[in-house]
Asker: 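Handing you a structure now.
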Amino acid sequence: MLHQPAVAAMDYLLRLHNDSSGRMFHQQHDPWDTNSSTVTTSDLSPDESVNPWDIILCVTGTIMACENAIVIAVLFYTPALRAPMFILIGSLALADLLAGLGLIVNFIVIYVFNSEMATLGSAGLLLTAFSASVFSLLAITLDRYLSLYNALTYHTERTLTFTYLMLILLWALCICIGLLPIMGWNCIREPSSCSVLRPVTKNNAAVLAISFLLLFALMMQLYLQICRIAFRHAQQIAVQHQFMATSQASSTRKGVSTLSLILGTFALCWIPFAVYSLVADSSYPLIYTYSMVLPAACNSVINPIIYAFRNPDIQKSLWLACCGCIPPRFLSGPRTSSDV
């Protein structure tokens, strides 16, 4: 009888050790390891079955999908919004909508299906969506540059045809990128070659990261050209109309601040993740990966605010759809380059 408390204590310590070992296995479990048993949500205790970071990404994806669905609905049901600029904004909204749905699907795959094909399909959807989002941002930048550089011929049927062809090529390229994991460009059979984003390999992640940095450099160059053209136009107008110099300078400063906001937001959201993808691999702690992925995902939450909801024409359509009226501020005042 005197030894029963000691035996009970030893039994408790053994059970505690087994529980902690199971927790460590779940944290370090490799879903691509064919020698290990499959871990499902039914095998886990309620307090550790779901990673909080995955919940945050799923919620972010839901917000992303809702925002961009509104933008797509407004553009679809408003016949007046058919200019190249709005078509490109629609492409960006569609890409970000698919990215949001991809994050939701990825959450379901991790905690419900947990199969090889579902994981590859989810990874392909996310690659396609985020690639299309970045390329759509580049296309919008190019469209803004052409609207200033070829101001006299911009509003022609040829520009609309060029826009559609550019979007077809853009989406075809992004779909091909998304098909890479399914076509065998993955690290399922060779876990040591995995990047920070399984099942994408380190080589593929490095190529995508370098491509992104090159696209960002091209966007920055285009925006610098846009600023030069805008300042040159402002000086020409100021010389011709001295009394408009102050208002034109104010409008130009507003346009430059808008471009700075666009570039700054894009850089803060994506460049850390691109650099991290180049230097890190699957051995890095997951919290580092999540902390880099979340800002990149949030860029698709910010995109509708910058490119769609700040646009006066889209704002008017939203007011008409919500309350059937247009505020007086949309009925007066000329459009400026900074509104676009």
Side-chain angles (χ1 to χ4, degrees), residues 71 75 78 80-93 95 132-170 212 214-267 270 299 302-317 330 332-340:
V71 176
L75 295 176
T78 309
L81 304 180
R82 295 292 184 270
M85 175 184 64
F86 297 111
I87 294 173
L88 294 174
I89 290 175
S91 173
L92 176 63
S133 179
V134 173
F135 276 107
S136 294
L137 290 173
L138 176 62
I140 290 174
T141 307
L142 179 61
D143 177 74
R144 289 179 171 180
Y145 171 75
L146 293 177
S147 67
L148 290 175
Y149 186 77
N150 298 323
L152 296 178
T153 60
Y154 174 76
H155 299 282
T156 62
E157 191 68 26
R158 186 175 60 182
T159 303
L160 193 61
T161 303
F162 172 76
T163 301
Y164 280 118
L165 288 175
M166 181 169 56
L167 288 181
I168 291 173
L169 293 175
L170 181 157
F212 164 80
L214 292 176
L215 289 176
F216 176 74
L218 179 58
M219 286 178 59
M220 189 164 59
Q221 178 64 25
L222 287 173
Y223 274 126
L224 287 175
Q225 294 297 325
I226 289 173
C227 289
R228 290 175 183 173
I229 295 173
F231 277 117
R232 186 166 65 246
H233 288 179
Q235 291 175 353
Q236 291 173 351
I237 294 174
V239 170
Q240 295 175 1
H241 307 281
Q242 295 292 337
F243 60 91
M244 294 178 59
T246 303
S247 61
Q248 187 64 32
S250 176
S251 175
T252 304
R253 284 195 298 269
K254 182 181 177 183
V256 172
S257 65
T258 300
L259 299 182
S260 301
L261 172 65
I262 292 171
L263 272 181
T265 303
F266 186 69
W270 276 104
N299 183 245
I302 300 172
N303 282 339
I305 300 173
I306 294 178
Y307 291 94
F309 297 139
R310 293 176 71 250
N311 185 281
D313 295 316
I314 295 179
Q315 288 180 13
K316 283 193 291 187
S317 298
F330 293 114
S332 60
R335 287 286 305 275
T336 65
S337 60
S338 59
D339 294 331
V340 178

Asker: Rounded to the nearest 0.5 Å, what's the gap from CZ on Phe135 to CG on Leu167? Could you check?
Answerer: 12.5 Å
Asker: I need the minimum non-hydrogen distance between Leu170 and Ala139, along with the two atoms involved.
Answerer: CD1-CB, 4.2 Å
Asker: Once you round to the nearest 0.5 Å, how far does CG of Leu146 lie from OG1 of Thr141?
Answerer: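 Result: 11.0 Å between the selected atoms.
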Asker: Between CG of Leu148 and SG of Cys227, what distance do you get to the nearest 0.5 Å?
Answerer: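 So the gap between those two atoms works out to 10.0 Å.
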Asker: Tell me if a side-chain donor or acceptor on Ser317 pairs with a main-chain N or O of Asp313 at a distance below 3.5 Å.
Answerer: yes
Asker: How many angstroms lie between atom CD1 of Ile226 and atom CD of Gln221, to the nearest 0.5 angstrom?
Answerer: 10.5 Å
Asker: Ignoring hydrogens and angles, tell me if any N or O in the side chain of Arg310 forms a donor-acceptor pair with the backbone of Pro304 under 3.5 Å.
Answerer: no
Asker: Atom CG in Leu137, atom CH2 in Trp270: separation rounded to 0.5 Å?
Answerer: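 The CG atom of Leu137 sits 9.5 Å away from the CH2 atom of Trp270.
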Asker: Quick one: list whatever passes side-chain contact (heavy atoms from CB on, under 4.5 Å) with Ile140, sequence neighbours left out.
Answerer: Leu88, Ile89, Leu92, Arg144, Tyr307
Asker: Nearest 0.5 Å, what's the CG-CG distance between Asn311 and Leu75?
Answerer: 9.0 Å
Asker: Where do Phe266 and Met219 come nearest, in terms of heavy atoms and distance?
Answerer: CE2-SD, 3.9 Å
Asker: The test is side chain to side chain contact (heavy atoms under 4.5 Å, CB included); show your working for Phe86 and Thr78 and say whether it passes.
Answerer: CA-CA 11 Å; Phe86 297 111; Thr78 309; over 6 Å; no
Asker: Test of understanding: with side-chain contact (heavy atoms from CB on, under 4.5 Å), list the residues that count as partners of Leu263, not counting sequence neighbours.
Answerer: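 Here the qualifying residues are Phe216, Met220, Tyr223.
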Asker: Check the pair Asn303 / Thr265 against side chain to side chain contact (heavy atoms under 4.5 Å, CB included), numbers first and verdict last.
Answerer: CA-CA 9 Å; Asn303 282 339; Thr265 303; over 6 Å; no
Asker: Which heavy-atom pair separates Ala93 from Val71 by the least distance, and what is that distance?
Answerer: CB-CG1, 3.8 Å
Asker: Quick check: closest heavy atoms across Thr163 and Pro84, and the distance to 0.1 Å?
Answerer: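 Shortest heavy-atom separation between Thr163 and Pro84 comes out as OG1-CB, 3.4 Å.
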Asker: List in chain and number order the residues that pass side-chain hydrogen bond (donor to acceptor under 3.5 Å, both in side chains) with Ser133, two or more places apart in sequence or in another chain; answer none if no residue qualifies.
Answerer: Asp96
Asker: Pair Asp143, Met166 - check side chain to side chain contact (heavy atoms under 4.5 Å, CB included), show working.
Answerer: CA-CA 11 Å; Asp143 177 74; Met166 181 169 56; 5.5 Å; no
Asker: For Gln225 and Tyr145, which heavy atoms make the closest approach, and how far apart are they?
Answerer: CB-CE1, 3.6 Å
